[in-house]
Amino acid sequence: IVVVPMTIYTVPASWSMTVGTNNDKTGYSLASADLSKLMRYETITRIKTTDTAKTIIEGSSAGTLCILGPGTHALGNNQITVPDGVSMWGCGVDVTTITTTYLSASNQIFKPGSNAEYHDFTFQTTNSTPGVTYDLAFGATGTNSFTNTVVKNVRVKSHTDGIYISSSVPCSIKFENVAFETEWDTCVISGAAHVVTVDDVLLAAIENNSFHLINGTTVESPAILKGDNLRVRQQAGGSTSTVIGISDSGALYLTNSSVLFSGTASSVTSVSLSSPSTLVRGRPH
């Protein structure tokens with residue numbers, strides 16, 4: 001028996017969300033999830049595609065797990081700011097999709113909270129022309145920040161930018177088994193001593209620079225990207241292309257990682273390192 005306020009869930013040996021009018025176990029399986037993790041939450045809220053996901057999630061209190069059911073959850077022309085301590089689980093990257101048409105050159109669309117986990121969904125922006133209009137998919141700006149945040153088994157599809165963390169307050173986040181697919185920069189980190197940890201992550205970009213790690217001027221310590229099995233893939237045309245650009249003491253600490261470029265750009269820089277004291281560690285290949 002899993003007890004939450006006002007609701008009692010009886011969990012059989014194998015249980016999943018109903019998909020359509022059947023129960024073919026396409027939905028999120030509590031049998032395959034770690035049930036001990038569910039017990040950490042005070043409230044479990046199931047969100048259907050007919051519900052207003054933005055309102056429910058943003059109105060949730062710390063200690064809430066929001067489970068988004070199968071189908072497409074359309075945010076419309078809106079951002080989503082997740083409160084600290086509120087986690088979101090979908091039913092799988094091919095089962096649960098969150099979409100938005102929101103555009104901004106300075107504000108992220110999906111703003112995660114601290115002390116939270118985001119699992120098993122696709123987040124997709126659907127309204128942008130790369131380099132002309134902007135959809136900065138996932139991150140934080142200004143003085144917004146997040147720490148102890150985990151994103152796992154997620155796909156992010158964005159026209160302009162995938163990860164975009166430019167807050168002046170240090171952020172820390174871990175990505176596990178996550179794919180970022182963009183037509184512009186897949187990853188931009190700037191503004192503070194952010195720590196981004198990766199474990200089996202794909203950054204795939206078409207056209208412009210696929211990855212930048214940049215330290216800001218508001219703190220002394222550098223931004224760091226670290227972890228294992230980071231795969232950077234870029235296909236680009238035009239006159240110039242930098243696959244990885246690191247500046248202002250940005251640091252990479254990676255093992256078992258790779259960079260692959262293909263395209264027709266007339267000038268290509270695989271890895272661009274600028275002073276002061278950029279560090280590259282590990283065994284990239």
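Any value given below was found using the heavy atoms of this structure, including those in side chains, with hydrogens, waters and symmetry copies removed.
Of all the heavy atoms in Ser114 and Thr147, the pair that sits closest is OG-N, 2.9 Å. Of all the heavy atoms in Pro83 and Ser60, the pair that sits closest is CG-O, 3.6 Å. Taking each heavy atom of Thr149 and Asn115 in turn, the nearest pair found is OG1-N, 4.2 Å. Taking both residues in full, the closest heavy atoms of Val178 and Asn153 are given as CG2-N, 4.3 Å, listed atom of the first, atom of the second, then distance. Across Asp200 and Arg231, no two heavy atoms sit closer than the pair OD1-NH1, 2.8 Å. Of all heavy-atom pairs spanning Ser87 and Ala116, the tightest one is OG-CA, 3.6 Å.
Evaluated for a side-chain contact (heavy atoms from CB on, under 4.5 Å) with Ile57, the options Leu75, Val82, Ile98 yield exactly one hit, Val82.
Using bins of under 30°, 30° to 60° and over 60° for the plane-to-plane angle, the ring pair Trp89/Tyr41 lands in the perpendicular bin. Relative orientation of the Phe180 and Phe138 rings is perpendicular, given thresholds of 30° and 60° on the angle between their planes.
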**Asked** Between Tyr118 and Phe123, is a ring pair (Phe, Tyr, Trp, His ring centres under 6.0 Å) present by the stated rule, with each step listed?
**Response** CA-CA 11 Å; Tyr118 305 90; Phe123 182 77; over 10 Å; no
**Request:** Could you go through the side chain to side chain contact (heavy atoms under 4.5 Å, CB included) check for Ile44 and Ile67 one step at a time?
**Result:** CA-CA 7 Å; Ile44 299 175; Ile67 300 181; 3.9 Å; yes
**Request:** For Val201 and Phe175, run side chain to side chain contact (heavy atoms under 4.5 Å, CB included): C-alpha distance rounded to whole Å, both residues' side-chain angles, the deciding distance at 0.1 Å, then the answer.
**Result:** CA-CA 7 Å; Val201 170; Phe175 296 102; 3.7 Å; yes
**Message:** The test is side chain to side chain contact (heavy atoms under 4.5 Å, CB included); show your working for Leu230 and Leu225 and say whether it passes.
**Reply:** CA-CA 10 Å; Leu230 174 68; Leu225 181 113; 3.7 Å; yes
**Prompt:** Would Glu117 and Arg40 satisfy salt bridge (charged side-chain N to carboxylate O under 4.0 Å, His left out), going step by step from the backbone distance to the final call?
**Reply:** CA-CA 12 Å; Glu117 297 185 355; Arg40 298 181 305 181; 3.6 Å; yes
**Message:** Please determine whether side chain to side chain contact (heavy atoms under 4.5 Å, CB included) holds for the pair Val86 and Cys66, giving the CA-CA distance in whole Å, both sets of side-chain angles, and the decisive distance to 0.1 Å.
**Reply:** CA-CA 7 Å; Val86 175; Cys66 295; 4.1 Å; yes
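Taken from CD1 in Ile109 to OG in Ser158, the straight-line distance is 6.0 Å, to the nearest 0.5 Å. The distance from atom CG of Asp51 to atom OG1 of Thr49, rounded to the nearest 0.5 Å, is 8.0 Å. Rounding to the nearest 0.5 Å places OG of Ser167 at 10.0 Å from NZ of Lys111. The CD1 atom of Ile47 lies 4.5 Å from the CG atom of Leu68; values are rounded to the nearest 0.5 Å. Note: His73 NE2 to Lys48 NZ = 10.0 Å, rounded to the nearest 0.5 Å. The structure places CD1 of Ile165 at 11.0 Å from OG1 of Thr141, a figure rounded to the nearest 0.5 Å.
For the side-chain contact (heavy atoms from CB on, under 4.5 Å) test, residues two or more places apart in sequence or in another chain that qualify with Asp228 are Thr255, Asn256. Every residue two or more places apart in sequence or in another chain that forms a side-chain contact (heavy atoms from CB on, under 4.5 Å) with Glu181 is listed here: Arg155, Lys157, Ala179. Applying the side-chain contact (heavy atoms from CB on, under 4.5 Å) rule to Thr55 yields the partners Thr52; only residues at least two apart in sequence or on another chain are considered.
The shortest distance between side-chain heavy atoms of Ile56 and Thr45 falls below 4.5 Å. Counting only heavy atoms from C-beta outward, the side chains of Tyr102 and Asn77 approach each other to under 4.5 Å. Contact check for Ile173 versus Phe146: side-chain heavy atoms found under the 4.5 Å cut-off. Side-chain contact between Asp120 and Lys152: absent, with no pair of heavy atoms (C-beta onward) separated by less than 4.5 Å.
Under a hydrophobic clustering in which Ile, Leu, Val, Met, Phe, Trp and Tyr are joined whenever their side-chain heavy atoms come within less than 4.5 Å, directly or via other members, Val196 and Val150 fall into different clusters. At a threshold of 4.5 Å between side-chain heavy atoms, the hydrophobic network of Ile, Leu, Val, Met, Phe, Trp and Tyr places Val93 and Met88 in two separate groups.
Proximity of a side-chain donor or acceptor of Thr96 to a complementary backbone N or O of Gly69 within less than 3.5 Å is detected. At least one donor-acceptor pair under 3.5 Å links the side chain of Thr100 to the backbone N or O of Gly76.
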